[in-house]
Amino acid sequence: MAATAGLRLGPLLRFVDWETGDAATVWVETDRPCTAEVRCADGAGGAAPAFRIADHHYALVPVTGLTPGTTTAYEVFLDGERVWPPPGSRFPPSVISAPAVPSDGVTVAFGSCRWSAKPVGEHDPVGPDALDTLAGRLAADPDEVRPDVLLLLGDQVYADETSKATRAWLAERRDLDRPPGPQVANYEEYTRLYEESWLDPEVRWLLSTVPSCLIFDDHDVIDDWNTSAAWVAGMRTRPWWRERVVGGLMSYWVYQHIGNLSPAELEKDELYAAVRETPDGTGALRDFALRADADLASARWSYRRDFGRTRLLMVDTRSARVLDERRRAMLDAGEAGWLRTQALEARGSYDHLLIGASLPWLLPPLIHDAESWNAALCRGERGARWARLGERMRRRLDLEHWSAFPGSFEELADLIAEAGAGEGGPSMICVLSGDVHHAYVAEPGWRGTAGPDARVWQLTCSPLHNSIPRVLQLGFRFGWSRIGRLLGRLLARHGRTGRSSVRWERQGGPWFGNQLMTLTLRGRSAALRLEQAEAAAPVPLPQPLSETVPAEGRRARLVITDERELTAGGASADRREAPRSGG
C-alpha cells in the first residue's frame, strides 16, 4: 500500500483576486507526488497536481467560487487525506477573506529583513520577531483587524548568514572548511532556509491566512548581490558561485515568485506550464535560472497587483541592474519601460500608487550624496586612482541604493511627478522599502514647478527580525542633520554630481528595532502606523484562547511607535520644494 502524502511546508495564502472577489491561490510543498486540494467551508475550492523540482514537490492550488465580501475557513487535503490544519492545532482555522467588489479600501502591512526566529528556549540576541509577534496577536484575538495583504520587501531568507542549526545541518552534508563554508551552496540547501523560516509555528499560521506579496533583495542570494560589474566579474571566478546563484534563482521562483502572480498570468507563463507538464521540471527551471543570471532581459521578477483603487508595483531592484559604469542603471530599459507603463496605465483608475522596492529611493541626505559621489568616482570622474578607491568603498559600505544609480534616481523622480500630476491622478504615491534596518518617513518636494499634485512619501520599514550596530544608528541619525547635509554637499561638489530635482525632509524617525508598518488606504486618504516588537511576560488569556495560542507566541507584544494621517494630494508650493528645516 502506498504511503500517504504529507505536507512539508505551507500552506501559504498568496494571490487573492480583488477584481472579482471570488478567486485565490494557495501554495504548498509536499513530501511526494500527489494532488493537493483546498476545500473551503462555504463550498469554494480547487485542486492541482504537485510538480517536481530537484526531488521536492510543490503545488499552487487555484481556489474558485469564493463569495465576495466574506471570510471562509479552509482545509488542505493531499490525495483526499486532510493534512491542514494539523491534528491538535492550537491556532484558529486558516481563512480566505474574499474582498468585496468594489472594495472600500485596503490595509497593507509591510517590512523586510527577517532572520528565522530562534527555537523556543533559545536566547534571541536581536529581540522578538515582529512577524511572529503579529501572528501571536492575530491568533489571540479573533476580533483583531487583520491586514488585507502582507508585503515582504526582501531578505526573506539569509543565504549568507545561516543559523547554528542550519550550519550543523550543512556540516553533515559537506566540509564547511571549503568555500562557500557555512553559507548555502545549491538549491537543496536553499530549501532548508525556507523550511527553517516558514515552519515557525506562528509565522506558518500567519502566512496561511494573510495573503502575501514578496520580492527578493541581496541576502536572498548573497550580500551585495549585483553591486557592480567588478563585483560580478569577481564572483564568477569562484568555483562555487554558479551553483549558488542558480540555486538562489530557482528557489526564489518556486517559493516566492509564482505565488505573486495571478491565475491569468500563470496561464500565460511558459516556464510554469513546462514544469507542470513534465515528470521532473528541474531541467527547465535550471535552464531558466542560468539565462536569468546571464541575460537581464530574459526574466522579469517585477509584478503588479491591484487592490480596488490601490495599485501596487513591486519592483526588482537587484537582478535588473545595468552595471556598466558609464550607463549604470538600477533598472534596464525593459524593466524601466515596464514600470513606466504600469504606473501610467489607466491613471484615473486608482487613488493610491504604491511602489514596492526593497531599496529605499530617498535616504538620509548625507548618505544619498555619499552614494552619488561614490558613483561619480567609480565611473572615473576624478581619475583612475579615485575610481579604484570608490569601488572598494562601494563594496565595504554597501553604497548601492537608488542614489548610487543617479540616472535611475532621477528617472523615478520624473515618473512619480508625471504619474501624480494633473486632474484625475492619484491622491498619494508611496515608495515602500526596507533593507536599511531602521524605519523612517520622508517627504520630497520638487524644485521649481515640475512636481506632482499627489502627496508623495518614502515609507521605509526594516527589520522584521534583525539588528543594526550602534555606530550605524548614529550614522543614520547624523545623515539627516544640518551638518550631515553640508558634508553631503561637499562630497557632491567633489564628485561633480550636480543637484537633484528633488529635495526631501524627514517627517518621522529614524526608529530602530524589530518593526512593522501598516498602511490603511480608504478613499483618497491614508493612515500609517509603525509598531515595534517588545519582549513581555506571557499574558493570561481566557478560554478557549488560552488553548488556541501557544505561550511562546504571547511572550512579545507590538507597541505603537508612531501613528499619523498621510494627508492627500493637492497642489501646493510648500511641496513643490520641501521646507528647509533640516534634520
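The analysis underlying the following values was restricted to heavy atoms, covering all of them including side chains, and did not include hydrogens, waters or symmetry mates.
- Within a 6.0 Å sphere centred on CD of E410, heavy atoms belonging to other residues, nucleotides or ligands number more than 12.
- A donor-acceptor contact shorter than 3.5 Å links the side chain of R321 to the backbone of T317.
- Under the 3.5 Å distance criterion, the side-chain polar atoms of E29 are left unmatched by any main-chain donor or acceptor of H57.
- Expressed to the nearest 0.5 Å, how far CD of E531 lies from CG of N514 amounts to 13.5 Å.
- Scanning both residues, A48 and P62, for their nearest heavy atoms gives CB-CD, 4.1 Å.
- A side chain to side chain contact (heavy atoms under 4.5 Å, CB included) with D351 is found for one member of M428, R524, R311 and no other, namely R524.
- The backbone N or O of D217 sits less than 3.5 Å from a side-chain atom of D220, completing a donor-acceptor pair.
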The test is side-chain contact (heavy atoms from CB on, under 4.5 Å); show your working for L266 and R276 and say whether it passes. CA-CA 11 Å; L266 290 167; R276 289 183 300 150; over 6 Å; no
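- A distance-only check finds a donor-acceptor pair linking the side chain of S251 to the backbone of G248 [under 3.5 Å].
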Stepwise, does the side-chain contact (heavy atoms from CB on, under 4.5 Å) test hold for D218 with D160? CA-CA 10 Å; D218 55 344; D160 48 4; over 6 Å; no
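- For N226 (side chain) and R318 (main-chain N/O), a donor-acceptor pair under 3.5 Å exists by modelled atom type.
- Side-chain contact, T71 with S97: a donor N or O sits under 3.5 Å from an acceptor N or O.
- Although no hydrogens or angles enter the test, the distance criterion places a donor-acceptor pair under 3.5 Å between the side chain of T72 and the main chain of D42.
- The aromatic rings of F288 and W301 sit perpendicular to each other, their planes meeting at more than 60°, with 30° as the lower class boundary.
- Side-chain atoms of N260 come within 3.5 Å of backbone atoms of L214 as a donor-acceptor pair (strictly under, hydrogens ignored).
- No donor-acceptor distance shorter than 3.5 angstrom exists from the side chain of R340 to the backbone of L415, with no hydrogens or angles considered.
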Stepwise side-chain contact (heavy atoms from CB on, under 4.5 Å) check, C113 with Y158: CA-CA 9 Å; C113 306; Y158 279 73; 3.3 Å; yes
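- Looking at every heavy atom in both residues, D17 comes nearest to P99 through O-CG, 3.7 Å.
- Residues T107 and R522 form a side-chain contact, since some pair of their non-hydrogen atoms from C-beta on lies under 4.5 Å apart.
- Between C40 and L66 the shortest heavy-atom distance is SG-CD2, 4.2 Å.
- In this structure, CZ on F15 lies 9.5 Å from CG on L261, to the nearest 0.5 angstrom.
- Considering only heavy atoms from C-beta on, V246 comes within 4.5 Å of L290 through its side chain.
- More than 12 heavy atoms of other shown residues, nucleotides or ligands fall within 6.0 angstrom of atom CZ in R82.
- A heavy-atom distance below 4.5 Å is found between the side chains of D200 and R114.
- Without hydrogens or angle criteria, S89 side chain to P86 main chain gives no donor-acceptor distance under 3.5 Å.
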Kindly list each side-chain donor-acceptor pair under 3.5 angstrom involving residues 429-436, sequence neighbours excluded, with atom names and distances?
{"residue": "S433", "atom": "OG", "partner": "A357", "partner atom": "O", "Å": "3.0"}
{"residue": "S433", "atom": "OG", "partner": "L359", "partner atom": "O", "Å": "3.4"}
{"residue": "S433", "atom": "OG", "partner": "Q458", "partner atom": "NE2", "Å": "3.2"}
{"residue": "D435", "atom": "OD2", "partner": "H401", "partner atom": "NE2", "Å": "2.8"}

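- Inter-residue side-chain proximity for S197 and V203 is flagged as unmet; no heavy-atom pair is nearer than 4.5 Å.
- More than 12 heavy-atom neighbours from other residues, nucleotides or ligands sit within 6.0 angstrom of CD on E144.
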Residue pair H352, S427: steps toward the side-chain contact (heavy atoms from CB on, under 4.5 Å) verdict: CA-CA 6 Å; H352 303 277; S427 66; 3.5 Å; yes
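- Between M517 and A439, the shortest heavy-atom contact is CE-CB, 4.2 Å.
- For the 3.5 Å distance criterion, the side chains of E335 and S302 qualify, holding a donor opposite an acceptor.
- Within the 4.5 Å cutoff, no side-chain heavy atoms of L362 are placed close to those of W402.
- Contact check for E411 versus D414: no side-chain heavy atoms found under the 4.5 Å cut-off.
- A pairwise comparison of heavy atoms in R244 and I222 identifies NH2-CG1, 3.6 Å as the closest pair.
- One distance of note links NE2 of H257 with CG of L249; it measures 11.0 Å at 0.5 Å rounding.
- Looking at R286 and Y187, their side chains never come closer than 4.5 Å, going by heavy atoms from C-beta outward.
- Below 30°, between 30° and 60°, or above 60°: for W115 and H465 the angle between ring planes is above 60°, a perpendicular geometry.
- With values rounded to the nearest 0.5 angstrom, I215 atom CD1 is found 8.0 Å from Q256 atom CD.
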Which atom pairs, donor and acceptor, lie under 3.5 Å between side-chain atoms of residues 205-213 and protein residues at least two apart or in another chain?
{"residue": "W205", "atom": "NE1", "partner": "P92", "partner atom": "O", "Å": "2.9"}
{"residue": "S208", "atom": "OG", "partner": "S94", "partner atom": "OG", "Å": "2.6"}
{"residue": "S208", "atom": "OG", "partner": "W205", "partner atom": "O", "Å": "2.6"}
{"residue": "T209", "atom": "OG1", "partner": "V95", "partner atom": "N", "Å": "3.1"}
{"residue": "T209", "atom": "OG1", "partner": "V95", "partner atom": "O", "Å": "3.4"}
{"residue": "T209", "atom": "OG1", "partner": "R146", "partner atom": "NH1", "Å": "3.0"}
{"residue": "S212", "atom": "OG", "partner": "R14", "partner atom": "NE", "Å": "3.1"}

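- Taking the six-membered ring for Trp, W18 and F307 have ring centres closer than 6.0 Å.
- Neither side chain, Y272 nor E265, offers a donor N or O lying under 3.5 Å from an acceptor on the other.
- Note that CZ of F77 is 14.0 Å distant from OG1 of T35, once rounded to the nearest 0.5 Å.
- Inspection of the Q156 and Y252 side chains reveals no N or O donor paired with an N or O acceptor under 3.5 Å.
- When side chains are defined from C-beta on, E400 counts as touching D224, because their heavy atoms get closer than 4.5 Å.
- The shortest non-hydrogen separation linking L7 to P11 is CD2-CD, 3.9 Å.
- Remark: I53 CD1 to L285 CG distance equals 4.5 Å, nearest 0.5 Å.
- Taking the ring centroids of W27 and Y255, they lie under the 6.0 Å cut-off.
- Proximity of a side-chain donor or acceptor of R328 to a complementary backbone N or O of A404 within less than 3.5 Å is detected.
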